[in-house]
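Contents: one structure, followed by commentary.
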Amino acid sequence: EAGVTQFPSHSVIEKGQTVTLRCDPISGHDNLYWYRRVMGKEIKFLLHFVKESKQDESGMPNNRFLAERTGGTYSTLKVQPAELEDSGVYFCASSLGGGFYPYEQYFGPGTRLTVT
Amino acid sequence: AQTVTQSQPEMSVQEAETVTLSCTYDTSESDYYLFWYKQPPSRQMILVIRQEAYKQQNATENRFSVNFQKAAKSFSLKISDSQLGDAAMYFCAYRTPRGNNDMRFGAGTRLTVKP
């Protein structure tokens, strides 16, 4: 069974440009999460989808970030316009269920975003 | 707000030896879950071990075990008989059993295993 995949693995863009990150969860996983790790710091939660609906987007830093999950399958995270502080590793994770039972979250390898 | 602290940015261990990675957390909840994740270089982050706060018994998975001290809010990971393949970033994480599913992570500990 394929795991969580993310594309691209690494992206280098200039400040002010737009970048779109993609995450393909494990097939059948309704729950999809985005996290971000800024250099040397903790991994921080960005948002959580249940199917195509945003369950919790309290971690999104500002309105330059837009996440979508059309059809409840893959998800995209767009940063527009990118700023220097957006650099970091963006992780996607998916899980079978959610709620009170802590279904295991399976992580993708991450996308390393560098904004110059 | 819940926070997770890993005070050791880097650790090293000799192959076949034992190493303990530290993690403390802050919460006002009585029921929650704690996790250790491992991220090898350029690879996916995988779950190593999980502990439910209501369980007094420390979780164990083969060479990996935890020392869960609920009163002290401490959750350390012990790796016995370290192997070269254990070299990775290790993240401690916390989550509550409530509606939110997001996890709170520490900053990570980079473990080096010396042959």
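Residue numbers begin at 1 in each chain, while the letters A, B, ... track the order of the sequences.
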- Heavy-atom distances under 4.5 Å only: say whether A:F91 touches chain B with side chain, backbone, both or neither. side chain
- Message: Counting only heavy atoms not in B:Q56 (residues, nucleotides, ligands), do more than 12 fall under 6.0 Å from its CD?
- Response: no
- Check whether the ring centres of A:F49 and A:Y33 lie less than 6.0 Å apart, and answer yes or no. no
- Item | Residue part contacting chain A, namely of B:Q6, when any heavy atom lies under 4.5 Å | neither
- Task: May I ask you to decide if the ring planes of A:F107 and B:Y37 are parallel, tilted or perpendicular, using 30° and 60° as cut-offs?
- Result: perpendicular
- Message: Between B:F105 and A:Y35 (judged by ring centroids, cut-off 6.0 Å), do the two rings come close enough to count as a pair?
- Response: yes
- Query: What part of A:R37 gets closer than 4.5 Å to chain B, counting heavy atoms only: side chain, backbone, both or neither?
  - Reply: side chain
